[in-house]
Structures are given as structure tokens and as C-alpha cells.
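The next block holds one structure in the form of C-alpha cells; read it before the comments.
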Amino acid sequence: MNDTHEHPAAGREALRITTLQAHILEQQANHPGASGTLSWILSALSISAKIIADRVRRARLENVLGSVGTENVQGEVQQKLDVLANDVLMRTLAGREGVAIVASEENEEPVILRDGSHSVPRYCVLFDPLDGSSNLDVCGGVGTIFSILEFQPGRARAEESLLQPGARQIAAGYVLYGSSTVFVLTTGGGVDLFVLDPGIGAFMRVERGLRIPAGNKTYSVNEGHRAGFEPGLRRYLDWAQAHGYSSRYTGAMVGDVHRILLKGGVFLYPSTQKAPEGKLRLMYEANPMAMIIEQAGGKAMAGPHRRILEVPPVGVHQRTPVILGAADQVDAVLAHLGP
Ligand code: P6P
């Protein structure tokens, strides 16, 4: 860890064996009023990640690569593993008493599992079950992104609980199925990193209180869309290329964001003429990633003057432009954008 803001426990991390499950219980114990409901939900996400990781790694052997020939609500071709990952998450979360509503990129409508009348605190879980799934056929990194909001009983329609700005998230994180399987989690007190030990089937905590390094001159954007970018963004790209920047882009947000979390740099999926609101979805891609990035000391913007976490949601599948990463690198982008 090369940051002066090191988490107090970071230095001693290497001496401990802490699983994700133990970490979740540790966090619960730090909140005396906690009922354990959130812990059970995080535990469901952990087991889902292990099942999905196993199926992703065996996909070609089991012939579950490729598309199912249908499109999701986004009009995107669904990969077989998109549907499988969605099914795994739906089935594990359905078994948790504390889950009131589930919303997924793959489902047009949210799934109302329980109402809020029960005394148990209830939560809404939103997710992109397999982000970047078009990378699967070529063995590229793919991931699961999740966001947890408090259920608000008494709303006229239960799904209105989903329409809360990202700043109201209780927890957020992602799983990256890459050269190893990593689980990145924040519950509002910093960002912690876990790696799956396939030998024992447990996520092991390897980093606490991650902080995004400054000074990494790397940007991550699909430059094939350059002609549709606003002039200020094209000016930024010209400036960056004249100042020794490198470009890294995997085509899967989870892989690009994970690199930025560990190494710094900036990720952009901006608005274009064809897609004025950008491509990425606010509720289950931009918001959870923005919480992770801000909790690690970075910035996550929807435009020159608006944090992603402040964007008022009007629909579960709405999209937003995204500029996120190390604060110094996001500022360098914003300095070139118009007012
Ligand atoms: P493009 C994957 O489809 C995704 O939703 C994100 O994970 C990724 O950052 C982006 O779209 C890639 O989009 O237009 O560059 O292929």
C-alpha cells in the first residue's frame, strides 16, 4: 500500500486469515443495532459469485458460450451465461428473508419478493449479473455488479423504493471473473478486496481500505466513438496523447474499473451524439461503481458539475454518462469539458 491514507489495519492484513464471511460478521458486530439481515444478503452474493465463477470457467467445456438468440430489455443479445448468472442471483437472493425487491439488467420489471410490512428490515438488491459478457467467447474478463438500497415500506408502489439516488446506497460492489476471481465490497466505511481461493472455496481478504493512486496517466474509453464525443472530450484526448498518456480498455466496465481502483487513471463512457445519455446504466452499473470509487478517494461524475451519486433516478434502466477514477485524472478530463 503506497498511500499515506492507509487503513489502520492494512499493515497487519498479511498476518491474518479473514474470509469474506468473517469480514461480513465483523462488520455486523461493529454495528450493535444490526439485525444480520444485510449480512445474509451479502452472504447470498458471495455464494452466487462462487457458483457463477465456476460456470464461467467451465463455459467452453460445457458448451454454454454464445448467445441464447434473445435480447434483454436493453436490446442487447443475451449470452447463455447472462441468463444463467441472472438465474443464480435470483434464486440465492429469493431465499433471503431480508430481500424485498430484486432488479436486474436482464429483467424488464423488478421482482417483488416480499412487502415491507414485516418487522425485519428489508432491502432492494440491484445487479448486472454478467457485465461485459460479450468478452466470454474470447476468455476476456467479465463481472457481476451489485447495489443495495434500503426498502422503503409505505410507498404507493413497492418498486418506488428502487428510485433512490446512489448516495443512498447501503452497500455496493462487484465480482471480477478474471485471471483470479475477486470480490470488491464497500458498506460505506472504505473498500475491501477479497480473492477466491478455489482450493477451499472461500473469498480471502487481501486488502483493506483501498485508496486509488494518483499520477497514473492512463485513460480508458472506446475511442471508436470519438467522432460522436463532445468537442471538450476530443480536446482532452488530444491533450492526453500530447502528454504521454496510455490507453487501456477491456470492453467490460468491471475490468476497467478494477484496474483503476488498484493503479489509478480514469474511465469514461461519455454521452455521444447517438447516445446522449451514454450507454451505462445508472442504478446497477454507474451507482455501485461510483460508491466504490468515492469510498477509495476517487471521483465519479455524470458531467462537469454532477456526481453520479446525486443523479435523481426516474427509471430502473436509465442510462448516464460516466467519468470516474483517480481524482487527479478525473479533474484533468473536467478541465477540458465545456461549462
Ligand atoms: P462498448 C459491456 O457491454 C458494457 O456494458 C460495459 O461493461 C462496458 O464498459 C461497455 O458496455 C462497453 O461498451 O460500446 O465500448 O462496446
Side-chain angles (χ1 to χ4, degrees), residues 49 52 56 65-68 70-86 89 103-107 126-147 172-178 182 184 218-230 233-234 237 247-261 265-293 298 300-302 308 315-325 329-330 333:
I52 296 167
V56 163
L65 288 176
S67 74
V68 288
T70 55
E71 289 186 346
N72 63 16
V73 64
Q74 323 292 341
E76 293 169 348
V77 172
Q78 283 183 303
Q79 304 296 315
K80 291 173 187 169
L81 276 171
D82 279 325
V83 175
L84 182 145
N86 196 53
L89 282 155
S104 165
E105 180 195 49
E106 300 300 325
N107 294 58
L126 304 93
F127 53 78
D128 179 356
L130 207 60
D131 172 66
S133 53
S134 54
N135 278 354
L136 280 166
D137 292 6
V138 294
C139 207
V142 294
T144 298
I145 311 172
F146 60 88
S147 169
Y174 61 82
V175 185
L176 173 59
Y177 312 101
V182 299
V184 174
T218 303
Y219 65 79
S220 182
V221 68
N222 183 338
E223 293 193 68
H225 303 319
R226 177 187 169 105
F229 290 163
E230 65 169 278
L233 187 55
R234 294 204 296 272
L237 292 174
S247 172
R248 292 281 185 280
Y249 191 73
T250 70
M253 186 186 196
V254 178
D256 289 319
V257 170
H258 191 61
R259 182 190 59 253
I260 284 166
L261 181 65
V266 61
F267 171 81
L268 308 97
Y269 206 105
S271 61
T272 62
Q273 283 162 353
K274 277 196 299 187
E277 290 309 308
K279 172 183 182 183
L280 300 179
R281 274 68 62 162
L282 174 65
M283 299 305 292
Y284 41 78
E285 289 177 327
N287 273 343
M289 290 309 202
M291 183 177 183
I292 290 279
I293 292 293
M301 305 298 284
I308 288 172
V316 171
H317 298 297
Q318 81 184 60
R319 301 172 191 266
T320 178
V322 171
I323 304 170
L324 59 76
Q329 299 308 316
V330 170
V333 176

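Both counts, for ligands and for their atoms, begin at 1 and track the order of listing.
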State the atoms of ligand 1, each with its element, that fall below the 4.0 Å cut-off from a heavy-atom position in [X].
{"X": "Leu280", "result": "5 (O), 6 (C)"}
{"X": "Phe267", "result": "9 (O)"}
{"X": "Met253", "result": "6 (C), 7 (O), 8 (C), 9 (O)"}
{"X": "Arg281", "result": "5 (O)"}

Checklist entry - Of all the non-hydrogen atoms in the protein, which one sits nearest to atom 14 (O) of ligand 1, and at what distance? => result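 Closest protein heavy atom to atom 14 (O) of ligand 1: Tyr269 OH, 2.6 Å.
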Item to check | For atom 15 (O) of ligand 1, closest protein heavy-atom neighbour | outcome: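 The closest one turns out to be Tyr249 OH, 2.5 Å.
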Checklist entry - Considering only heavy atoms, which of Ala252, Gly251, Ser133, Ala275 lies nearest to atom 2 (C) of ligand 1? => result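 Answer by nearest heavy atom: Gly251.
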Item to check | Nearest option to atom 3 (O) of ligand 1, as decided by whichever heavy atom of His225, Lys279, Glu285, Arg319 sits closest | outcome: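 The option holding the nearest heavy atom is Lys279.
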Checklist entry - If every non-hydrogen atom of Asn86 is compared with every non-hydrogen atom of Ser104, which pair is closest and at what distance? => result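 Closest heavy-atom pair between Asn86 and Ser104: OD1-OG, 2.5 Å.
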Checklist entry - Sequence neighbours excluded, which residues qualify as side-chain contact (heavy atoms from CB on, under 4.5 Å) partners of Glu277? => result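 Here the qualifying residues are Arg319, Pro321.
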Checklist entry - In Å and rounded to the nearest 0.5 Å, what is the CG to CG distance from Leu126 to Leu282? => result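 Interatomic distance, Leu126 CG to Leu282 CG, rounded to 0.5 Å: 10.0 Å.
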Next on the checklist: Does either side chain, that of Ser147 or that of Asn287, offer a donor lying less than 3.5 Å from an acceptor on the other one?
Outcome noted: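 Judged by distance alone, the side chains do not pair up.
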Next on the checklist: Assess, by modelled atom type and distance only, whether the side chains of Arg259 and Thr218 contain a donor and an acceptor separated by less than 3.5 Å.
Outcome noted: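 The answer is no; no qualifying pair exists.
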Item to check | ligand 1 to Asn222 polar contact by distance, N or O atoms, under 3.5 Å | outcome: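 Looking only at distances, the answer is yes, because the N/O contact criterion of under 3.5 Å is met.
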Item to check | Polar proximity ligand 1 side, Val254 side, N/O cut 3.5 Å exclusive | outcome: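 Not met; the criterion fails.
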Checklist entry - Is there a donor-acceptor pair closer than 3.5 Å between any side-chain N or O of Asp131 and the backbone N or O of Gly143? => result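 No, because the side chain of Asp131 does not come within donor-acceptor range (under 3.5 Å) of the backbone of Gly143.
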Item to check | Test side chain to side chain contact (heavy atoms under 4.5 Å, CB included) applied to Asp128 and Met283, Met253, Glu105, the passing residue | outcome: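 Exactly one option meets the side chain to side chain contact (heavy atoms under 4.5 Å, CB included) with Asp128, and it is Glu105.
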Item to check | Test side chain to side chain donor-acceptor pair (under 3.5 Å) applied to Tyr269 - qualifying residues, sequence neighbours left out | outcome: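 His225.
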Next on the checklist: Under 4.0 Å, counting heavy atoms only: does Ser134 come that close to any atom of ligand 1?
Outcome noted: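 Ser134 does not count as a contact of ligand 1 under the 4.0 Å cut-off.
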